[in-house]
Number of protein chains: 2
Amino acid sequence: MSTIRGARERARIEVTAAIKDEARKQLAAEGAARLSLRAVARELGMVSSALYRYFPSRDDLLTALIVDAYDAVGEVAEGARATAEQARPHPAPHVERWVAVAGAVRGWALAHPHEYALIYGSPVPGYSAPMDTVGPASRVGLVFIDLVRDAFRADGLAVPRLAPELRPEAERITADLAPDLPPPAVLALVAAWAQLFGLISFELFGQFNRLVEAREPLFRLAAGELARSVGLRGTPAG
Amino acid sequence: MSTIRGARERARIEVTAAIKDEARKQLAAEGAARLSLRAVARELGMVSSALYRYFPSRDDLLTALIVDAYDAVGEVAEGARATAEQARPHPAPHVERWVAVAGAVRGWALAHPHEYALIYGSPVPGYSAPMDTVGPASRVGLVFIDLVRDAFRADGLAVPRLAPELRPEAERITADLAPDLPPPAVLALVAAWAQLFGLISFELFGQFNRLVEAREPLFRLAAGELARSVGLRGTPAG
DNA sequence: CAAAAGCAAGAGCACTGCTCTCGTTATTGT
DNA sequence: ACAATAACGAGAGCAGTGCTCTTGCTTTTG
């Protein structure tokens with residue numbers, strides 16, 4: 001299965017990892033647009049053509065970095081949820097768990113701006129997300145779904161009202177994502193999910209420059225309201 | 001002032017416009033990353049070095065396109081507001097004016113995805129927005145501010161509650177943007193503004209692929225709730 | 001009418017992604 | 001154990017990029 005069969009296979013794994021590490025370093029330093037295959041190879045002491053034995057093209061390297069970034073932010077979100085769940089002495093209200101997860105995602109984004117831009121900014125390569133990315137891409141979303149499910153089971157949800165025309169869409173999405181949850185809440189969750197990343201993107205991409213100073217409190221405020229719009233209950237004043 | 005003084009000056013203006021037009025064409029076709037100075041020059045029948053008489057670098061060309069894009073979407077927003085204002089037989093409720101403006105911005109984004117990505121996606125060039133862009137960049141925001149001001153004067157605002165810690169920030173931003181409006185509403189407006197573009201970006205950048213089908217209704221729903229979060233009043237059911 | 005400034009063209013530099021070939025080395029099947 | 005096969009690293013090379021510099025020419029200016 002995952003047993004390493006020989007020196008060749010072992011070396012391949014190590015070289016692949018080294019390439020990705022160096023590429024990630026250049027990504028963090030210069031951004032995706034300035035990431036250069038040749039520079040990566042140069043830094044690793046290989047010749048550029050050798051690198052093509054590991055990644056068939058620059059876009060494939062970028063795709064690998066995209067997958068890793070999705071996994072990294074997904075892991076951060078999962079960790080934040082676990083931490084918020086085990087808060088002592090009392091378990092945190094669900095709105096605050098939501099805010100904690102959202103804040104963790106924002107923190108990761110601020111710490112890794114170029115990786116964030118890679119996955120939540122404009123699509124860089126040939127404008128089609130490969131299938132490899134859809135799994136890791138949904139990890140953060142799943143965290144929010146699980147969180148809402150917990151809230152639903154513990155306290156119930158203040159299910160938002162829904163226009164009749166959106167009813168079928170809400171049911172379709174609910175069947176896909178979380179058949180055990182109320183469709184209006186799932187639809188609100190999808191919208192809240194997008195809006196959450198809107199806040200992060202605006203902050204990160206400079207739209208708040210010379211305008212908003214207290215960014216973290218504003219983010220927490222908005223995230224809390226989004227949680228309530230999904231139906232979560234928490235402390236009244238945010 | 002703006003009188004054209006000679007053939008040389010006239011030619012410069014025309015050539016500059018031609019370069020921007022061709023660049024915009026390539027931008028729409030291939031995206032900002034693949035926009036090539038040499039290709040633009042080639043298509044215009046000039047040699048690449050001649051193009052540097054008009055734009056000192058590729059980034060400056062991109063900056064010019066950014067400014068134009070901000071102006072274009074700003075104009076669309078202003079037009080949508082004017083149209084919604086003059087609706088007959090009855091003037092539209094303010095929530096619906098907000099939704100109309102937001103929908104117009106979304107429509108422009110869907111029609112010009114690469115230009116939208118240029119201004120609201122990840123920052124492409126050396127990661128610092130030049131001063132030339134801040135004016136045009138605020139046009140859309142100003143439309144929303146004006147719209148909220150109209151609503152405030154006509155019907156008043158259902159001013160959202162605000163945590164005390166955010167009070168100073170809200171007052172600072174209000175002094176900058178719209179001193180005549182209630183600070184909590186201005187702060188909510190800033191947050192709503194970011195969230196609105198989060199919805200558009202997620203749709204445009206493929207995050208809704210294989211998930212959301214009825215995107216326009218969902219957008220209108222979320223936009224309406226954002227309007228209400230700022231304090232606007234409208235028809236109850238959205 | 002001469003000096004100055006603006007302009008297009010071309011050559012050239014350093015860089016990019018990517019392909020192809022050519023020895024070398026490790027893995028595999030007999 | 002040995003030969004066939006596949007993977008590998010190195011190098012040369014192609015077409016393309018942004019950008020600079022020099023060289024003549026033309027328009028504008030004093």
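Computed from a prediction, not measured in an experiment: that's the story for all the values here. By convention in this document, chain letters (A, B, ...) are assigned in the order of the sequence lines, proteins followed by strands, and residues within each chain are numbered from 1.
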Q. Nearest to the side chain of A/Ala50 - D/dC19, D/dA6, D/dG9?
A.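 When the side chain of A/Ala50 is considered, D/dG9 is the closest of D/dC19, D/dA6, D/dG9.
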
**Q.** Of the listed nucleotides D/dT20, D/dT26, C/dA9, the one nearest the side chain of B/Val47
**A.**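 Out of D/dT20, D/dT26, C/dA9, the nucleotide with an atom closest to B/Val47's side chain is C/dA9.
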
Distance, rounded to the nearest Å, where [X] contributes [atom1] and [N] contributes [atom2]:
{"X": "B/Glu9", "N": "C/dA5", "atom1": "CD", "atom2": "C1'", "value": "14 Å"}
{"X": "B/Gln26", "N": "D/dG16", "atom1": "CD", "atom2": "C1'", "value": "13 Å"}
{"X": "A/Phe55", "N": "D/dG9", "atom1": "CZ", "atom2": "P", "value": "13 Å"}
{"X": "B/Met46", "N": "C/dG10", "atom1": "CE", "atom2": "C1'", "value": "15 Å"}
{"X": "A/Tyr52", "N": "D/dG11", "atom1": "OH", "atom2": "C1'", "value": "15 Å"}
{"X": "A/Arg53", "N": "C/dA26", "atom1": "CZ", "atom2": "C1'", "value": "14 Å"}
{"X": "B/Leu51", "N": "C/dG10", "atom1": "CG", "atom2": "P", "value": "15 Å"}
{"X": "A/Arg42", "N": "D/dG9", "atom1": "CZ", "atom2": "P", "value": "18 Å"}

Q: Measure across A/Glu22 and A/Leu44 and return the closest heavy-atom pair with its distance rounded to 0.1 Å.
A: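 Result for this residue pair: CB-CD1, 3.4 Å.
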
Q | Nearest heavy-atom neighbours spanning A/Leu65 and A/Ala23 | A |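 Minimum heavy-atom separation between A/Leu65 and A/Ala23: CD1-CB, 3.9 Å.
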
Q: Verify the neighbour count for atom CD of B/Glu75: are there more than 12 heavy atoms of other residues, nucleotides or ligands below 6.0 Å?
A: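 Atom CD in B/Glu75 is not crowded, with 12 or fewer foreign heavy atoms closer than 6.0 Å.
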
Q: Assign each of B/Pro56 and A/Gly45 to its nearest nucleotide of DNA chain D by heavy atoms, then name whichever residue's nucleotide is nearer the 5' end.
A: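 With B/Pro56 and A/Gly45 compared, the 5'-side residue is A/Gly45.
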
Q) Going by modelled atom types, is there a donor-acceptor pair between the base of C/dG17 and the side chain of A/Arg38 at under 3.5 Å? A)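 Present.
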
Q: Determine whether the aromatic ring centres of B/Phe202 and A/Phe197 lie less than 6.0 Å apart.
A: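 Yes, the ring centres sit under 6.0 Å apart.
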
Q. Looking at A/Phe144 versus A/Trp193, is the centre-to-centre ring distance below 6.0 Å?
A.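 Not under 6.0 Å, so no.
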
Between [N] and [X], is there an OP1 or OP2 to side-chain N/O distance shorter than 4.0 Å?
{"X": "B/Ser36", "N": "D/dG18", "value": "yes"}
{"X": "A/Arg10", "N": "C/dA26", "value": "no"}
{"X": "A/Ser49", "N": "D/dA10", "value": "no"}
{"X": "B/Arg12", "N": "C/dC7", "value": "yes"}

What is the nucleic acid contact for [X], judged by heavy atoms within less than 4.0 Å: base, sugar-phosphate only, or nothing?
{"X": "A/Ser57", "answer": "sugar-phosphate"}
{"X": "B/Leu35", "answer": "sugar-phosphate"}
{"X": "A/Leu61", "answer": "nothing"}

Q. Which residue lies toward the 5' end of DNA chain C, B/Tyr54 or A/Arg8, if each is placed at its nearest nucleotide?
A.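 Closer to the 5' end of DNA chain C: B/Tyr54.
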
